[in-house]
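Read the structure below first, then the notes.
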Amino acid sequence: MNTGPNAPQWNRLRKALARWYGGAKRDLPWRRTSEPYPVWVSEIMLQQTRVAAALPYYERFLQLFPTVESLAEAPEQELLAVWSGLGYYSRARNLQKAARQIVAAGGFPRTFEGLRELAGIGDYTAAAVASISFGLPHAVLDGNVMRVLTRLLADAGDIQSPKTRSRLAAVAQEFLDKRAPAEHNQAVMELGALVCAPREPQCLLCPLAAHCVARLEGRAGQFPVKLRKQTKVEIALALLVIEREGRVLVWQRGDGEGRMAGFWELPSLEQLPAARVREEAGGFRHTITHHLHTVQVFRAVVKRVPAGYHWRDRRQMGEIPLSTMARKALRVADVD
DNA sequence: GATTCGTGGTA
DNA sequence: TTACCAAGAAT
């Protein structure tokens, strides 16, 4: 740890941060309680997901599954349907897996290590729930915190490397206000979200600005450093909207441990060469991580239902787990 | 330890 | 339009 003459004055920083958070704190639904179940659900939903995107899902999810028991018993199709459109669907499956672990154990684990063993809970989420719900002194390290700390220290390490991350984790833990871990953790993240933003950081509004090395050097925008970048892959796809008597032909992804298992999809022209295309309904682009799909949507007909395909009522599509790509295609074809 | 997993917002 | 990236975790 940096204990030299240039070590950050953590106590001053903590106080300045707490004062700022007192005025900037947003009223978000998951902040109205410290109960572990809603806190946990919100933390999972917020992984790599913006607050605005998670909000409506959070409300619907707790409406439908108000307790950990109800989540443990939920039919998988209902669970995936509620999550449909939010992305990273393994989160939903792990959430239920963990709910069953919790019910089997007779309640929530009340330690970081116990939380860490639940499905879908890594270092970040374990620290978040431990601090917010149980007041335990574990610092969170997420994208916000890494941005704040790399700027504060002008740390030029690649944040995608485990070495840099563990170094930042130690700094975060030293920075943590052990008397108020819940408030402190959320304050740093909120600072990263609202002030110490990725682009055009609002240094003039920042409570840490006086001690921020990157700011003092006029290069806050250069942090954090991220060396690796993804190369994109273009994919062309023709999806078929095959309608008959108000129903649409779909297939279901295998329930095995595959990507988006359990989700319903439209057939592609490649899958159903026997389908007879009537007209092109339109097209759209859809990006999944680094895969750029250019999708053409065709209305088509089939003589008989091919093996593995099913008719689903077009008005029922909102109630089943459907990939966003399929949803977009249905919209293009005016089915909804 | 590098990859993969979804989606939508923003400049 | 493109590139980045958002309260990460599992493999």
Side-chain angles (χ1 to χ4, degrees), chain A residues 25-26 28-31 38-58 80 83-95 97-98 115-132 138-148 158-166 168-169 172 182 184-194 196-200 221 224-234 253 257-261 263 265 284-294 321-328:
Chain A
K25 185 175 185 177
R26 287 177 289 179
L28 299 171
W30 45 83
R31 286 188 178 149
V39 168
W40 167 52
V41 170
S42 72
E43 291 297 341
I44 299 295
M45 280 192 176
L46 288 166
Q47 288 171 5
Q48 299 292 287
T49 306
R50 294 173 192 284
V51 167
L55 265 172
Y57 284 87
Y58 175 81
L80 295 178
W83 207 275
S84 179
L86 192 55
Y88 285 133
Y89 300 103
S90 64
R91 291 185 295 178
R93 262 184 281 278
N94 282 333
L95 205 58
K97 213 178 283 179
L115 290 162
R116 188 64 181 73
E117 289 180 18
L118 296 173
I121 294 194
D123 288 342
Y124 165 79
T125 307
V129 176
S131 62
I132 297 173
H138 295 272
V140 296
L141 184 66
D142 73 332
N144 289 308
V145 180
M146 287 196 285
R147 191 165 54 251
V148 170
D158 180 1
I159 60 166
Q160 289 169 322
S161 94
K163 209 172 285 183
T164 304
R165 286 182 181 233
S166 77
L168 292 174
H184 176 95
N185 275 335
Q186 295 181 85
V188 185
M189 292 191 283
E190 197 80 329
L191 185 69
L194 301 179
C196 195
R199 284 173 291 205
E200 299 182 27
V225 172
K226 199 178 292 187
L227 296 181
R228 236 180 330 108
K229 342 198 159 196
Q230 290 262 16
T231 54
K232 314 179 295 187
V233 179
E234 292 275 355
R253 289 185 178 273
E257 285 302 311
R259 165 180 162 278
M260 295 189 74
F263 275 71
E265 301 281 7
F284 60 91
R285 287 177 64 80
H286 181 70
T287 305
I288 300 179
T289 62
H290 62 291
H291 297 107
L292 311 179
H293 299 262
T294 303
L322 196 64
S323 72
T324 296
M325 190 138 62
R327 254 181 239 292
K328 286 182 177 177

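Remember, predicted model here, so these are calculated numbers, not experimental data. The sequence lines fix the lettering, A, B, ..., with proteins before strands; numbering per chain opens at 1.
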May I ask you to evaluate whether [X] reaches the phosphate of [N], defined as a side-chain N or O under 4.0 Å from OP1 or OP2?
X: A:His286; N: B:dG6; answer: no
X: A:Arg93; N: C:dA10; answer: no
X: A:Gln48; N: C:dG8; answer: yes
X: A:Lys229; N: C:dC4; answer: yes
X: A:Arg91; N: C:dA10; answer: no

- [ ] Specify the residue among A:Thr324 and A:Pro162 whose closest nucleotide of DNA chain B lies further upstream toward the 5′ end.
- [x] A:Pro162
Task: Comparing A:Gly85 and A:Glu200 on DNA chain B - which has the more 5′ nearest nucleotide - done: A:Gly85
Nucleotide nearest [X] when distance is taken to its side chain, options [options]:
X: A:Arg259; options: C:dC5, C:dA7, B:dC5; value: B:dC5
X: A:His291; options: B:dC5, C:dC4, C:dA6; value: B:dC5
X: A:Gln230; options: C:dA7, B:dG9, B:dT4; value: B:dT4
X: A:Thr49; options: B:dG6, C:dA9, B:dT10; value: B:dG6

Task: Under 3.5 Å donor-acceptor pair, A:Tyr124 side-chain atoms to C:dG8 base atoms - done: no
TODO: Take atom C1' in C:dC4 and the same atom in B:dG6, then report the distance between them in whole Å.
DONE: 15 Å
TODO: Using the C1' atom on both, measure C:dA6 against B:dC5 and round to a whole Å.
DONE: 14 Å
What's the [atom1]-[atom2] distance between [X] and [N], to the nearest Å?
X: A:Tyr89; N: C:dG8; atom1: OH; atom2: P; answer: 18 Å
X: A:Asn94; N: C:dA9; atom1: CG; atom2: C1'; answer: 8 Å
X: A:Tyr88; N: C:dA10; atom1: OH; atom2: P; answer: 13 Å

Open item on the list: Students often get this wrong, so: under 4.0 angstrom with heavy atoms, is A:Trp83 touching a base, only sugar-phosphate, or nothing?
Closed with: nothing
Open item on the list: So A:Ala119, base contact, sugar-phosphate only, or nothing? Heavy-atom distance under 4.0 Å.
Closed with: sugar-phosphate
TODO: Could you grab the distance from atom CG of A:Leu80 to atom CG of A:Leu86, nearest 0.5 Å is fine?
DONE: 12.0 Å
Open item on the list: Do A:Tyr124 and A:Glu43 pair up side chain to side chain, a donor and an acceptor below 3.5 Å, judged on atom types alone?
Closed with: yes
